[in-house]
Amino acid sequence: MDLQATDFLNLEATLSAEQKLVADMVRQFVDQTFRPHLRTAYEEGTFPREIIPQLGELGLLGAQLKGYGCSGLDSLSYGLIMKELERGDSGLRSFASVQGALVMYPIHAFGSEAQKQKWLPLLREGKAIGCFGLTEPDFGSNPSGMRTNAKKDGSDWILNGSKTWITNASMADVAVVWAKTDQGIRGFLVEKGTKGFEQRAIHGKLSLRASVTGSLFFQDCRIPAENILPETVGVKNALMCLNQARYGIAFGALGAAEDCLMEALNYSKNRIMFDKPLASFQLIQRKLAIMATQITTGNLLAQRLSQLKADGTLQPAQISMAKQNNVLLALEAARTARDILGANGISDEYRCMRHACNLESVYTYEGTNDIHLLIVGQSLTGIQAFT
Ligand code: TGC
Ligand code: FAD
C-alpha cells in the first residue's frame, strides 16, 4: 500500500464514516466555493462575505454546539472542519473559529435563554456576524489588566474603553466584549448601532489578508441589563472561550501545513534542475521527510486532544501544548515549502507564501507561542513565570 504524504500513519482508517463525510464535504466546499474568491479577497484585504450563508447552510458555524439548530458534532469532526477550512486559508478558519468558538460558545455557555434564542440561530445561519473583544491596545498577552470597564446605572451598564486587533470587528452585528466591573471581568453583548459604539477596520495587514480585523470603541455605551452574559464571573470565562478556539487552531494549522507539503511535493517532482527532478536530491527529500514527520506528529497530538475533549478531561495546558506545537510546525512547513519552490514560492500563483504570512498571525493570536510555552511550563513546574 502506498503511504499518504499527509497521513503517513493512516489515521483516516480510525475515522468513522460520518467523520470522513464531514471532512470531505468541507474540503469540497473549500475547493469549489471558497478558493475561487481567495486571490481577490487576499489582494483586496477582505473576507468573501458571499460565502457566509453557505457556511451556515453546511452547518459549519458553531458546529460543536448542541441545540438551537446547531450541528452538535463530536469533537473530532469539529477539529476536522477547522483543518479543512484552514487548508483553504487561515482567514476562513478564523471566521468560523470566531463565530463558533468565541461568539456562539459564550452565548451558549454563559448566556440567558433569551440571548440564546435571539442570537444562536442567526449566528449559526450566518445571518448575523459576531466578534470577540478581549485584547486592548495596552493589554494583549495579559488581558486581566484591561481598562475597558462597565459601571452600573440603574439596571443598565455604561461601557467605556476600546479593543483592538479584533477579527470581524468592522462587520460584526454583535460583539462579545469583556469589561471590568465591580463584580470582576464580565462579558457583554454589544449590538451594532448602540449609541457610542464605533467599529473600525485596521488596514495595511501583511498577514491574514482574507480576514477582516479591526478595533472597537465604546464611549458611554448604554448596555441594557438583558445584554450582560449572566453566567460570567471573571476572566476565567473569557479564557474558557479561548480554550475552544485554541483547540480548533491546533487542528486548523495542520490543514495549512498539509497544503504546503502537497504543494512542495508536487513541485519538487516536476521541477527539473541539474537535469533531474528536485525531488531526486537528498537535501530536498530530507526537507520533505521532516515536513511529513512533523505533520504526522501534529495530527497524532490533535487526535489525542479530541479524545480528551470527548472524555471531558481536556486541560488548558494540553491545548496550549498542541496549539503551540502545531502552529510552529505549520509555519516551519510553509517556510520550507516556500524554499523548495524557489522564486516561484513567493508568487501568489502558489499557496505556501500566503500560508506562511497567515501563520505569522496564527502564531501570535489566541495566545502567542511563548505564552503557551509558559502555560505548559507552569504546568510542569508549578511555578508561574508570566510576571
Ligand atoms: P490566571 O490568574 O492564571 O487565571 C485566572 C483564572 O482563570 C483560570 N484559567 C483558565 N480557565 C479556563 N481556561 C483557561 N485556559 C484558563 N487559564 C486560566 C485560572 O485557573 C484562574 O481561575 P480561578 O478559579 O483561580 O480564578 O489568569 P491571568 O490573568 O494571569 O492569565 C494567564 C494567561 C497569561 C495564561 C492568560 O491571560 C492568557 O492566556 N493570555 C493570552 C491572551 C490571549 O490568548 N488572548 C487571545 C485573544 S482572542 C484572539 O486572539 C482571537 S484570534 C481570532 C481568530 O481566530 O481570528
Ligand atoms: P504582546 O502581549 O505585546 O506580546 C509581544 C511579545 O512579547 C510576544 O512575543 C509575546 O510572546 C511576548 N511576551 C508577552 N508577555 C510575555 C511574558 N510574560 N514573558 C515572555 N514573553 C512575553 N484579540 C481578540 O481579543 N479578539 C480577536 O478576534 C483577535 N483577533 C486577532 C486577529 C489577528 C490577525 C491578530 C494578529 C490578533 C488578534 N487578536 C485578537 C489579538 C491577539 O490575541 C493578540 O495579538 C495576542 O494575544 C498577543 O498580544 P499582543 O499583540 O499585544 O502582544
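Below, all heavy atoms of this structure are taken into account, side chains as well, without hydrogens, waters or symmetry copies. Numbering of ligands and ligand atoms starts at 1, following listing order. Start at 1 with the first residue, then count along the sequence. For clarity, every value in this text was computed on a predicted model and none was experimentally measured.
- Residue, atom and distance of the protein heavy atom nearest to atom 29 (O) of ligand 1 are S144 OG, 2.3 Å.
- Close approach of ligand 1 to P316 (heavy-atom distance below 4.0 Å) involves ligand atoms 13 (N), 14 (C), 15 (N).
- Taking each of S97, G91, G140 in turn, the one with a heavy atom nearest to atom 47 (O) of ligand 2 proves to be G140.
- Scanning the protein heavy atoms around atom 50 (O) of ligand 1, the nearest turns out to be E366 N, 2.8 Å.
- Heavy-atom proximity to atom 24 (O) of ligand 1, evaluated over H372, Q378, K236, Q384, is greatest for K236.
- The shortest separation from a heavy atom of R93 to ligand 1 is under 4.0 Å, placing the residue in contact.
- In this structure, Y267 and Y350 have side chains that are in contact, with non-hydrogen atoms separated by less than 4.5 Å.
- Of all protein heavy atoms, the one closest to atom 45 (N) of ligand 1 is L242 CD1, 3.8 Å.
- Proximity annotation for atom 48 (C) of ligand 2: of T368, L373, V177, T368 comes nearest, heavy atoms only.
- Evaluation of the ring pair (Phe, Tyr, Trp, His ring centres under 6.0 Å) rule for Y365 yields no partner, not counting sequence neighbours.
- Nearest protein heavy-atom contact of atom 15 (N) of ligand 1 is N243 OD1, 2.8 Å.
- Under 4.0 Å from ligand 2, heavy atoms of T135 appear from its side chain as well as its backbone.
- Below 30°, between 30° and 60°, or above 60°: for Y78 and Y247 the angle between ring planes is below 30°, a parallel geometry.
- Near G140, with a cut-off below 4.0 Å to any heavy atom, the atoms of ligand 1 are 42 (C).
- Checked against Q294 for a side chain to side chain contact (heavy atoms under 4.5 Å, CB included), the options L254, N326, L328, L329 give a single hit: L329.
- The distance criterion of under 3.5 Å between nitrogen or oxygen atoms is not met by S361 with respect to ligand 2.
- Heavy-atom proximity to atom 17 (C) of ligand 2, evaluated over I166, D370, N168, L374, is greatest for L374.
- Applying salt bridge (Lys or Arg N to Asp or Glu O under 4.0 Å) to E360 and the options R335, R354, K205 leaves one that passes, R335.
- For the side chain to side chain contact (heavy atoms under 4.5 Å, CB included) with F188, the lone residue among F218, W178, W157 that qualifies is W157.
- Under a 4.0 Å criterion applied to the non-hydrogen atoms of T135, ligand 1 contributes the atoms 47 (C).
- Protein heavy atom at the shortest distance from atom 4 (O) of ligand 1 is L239 CD1, 4.4 Å.
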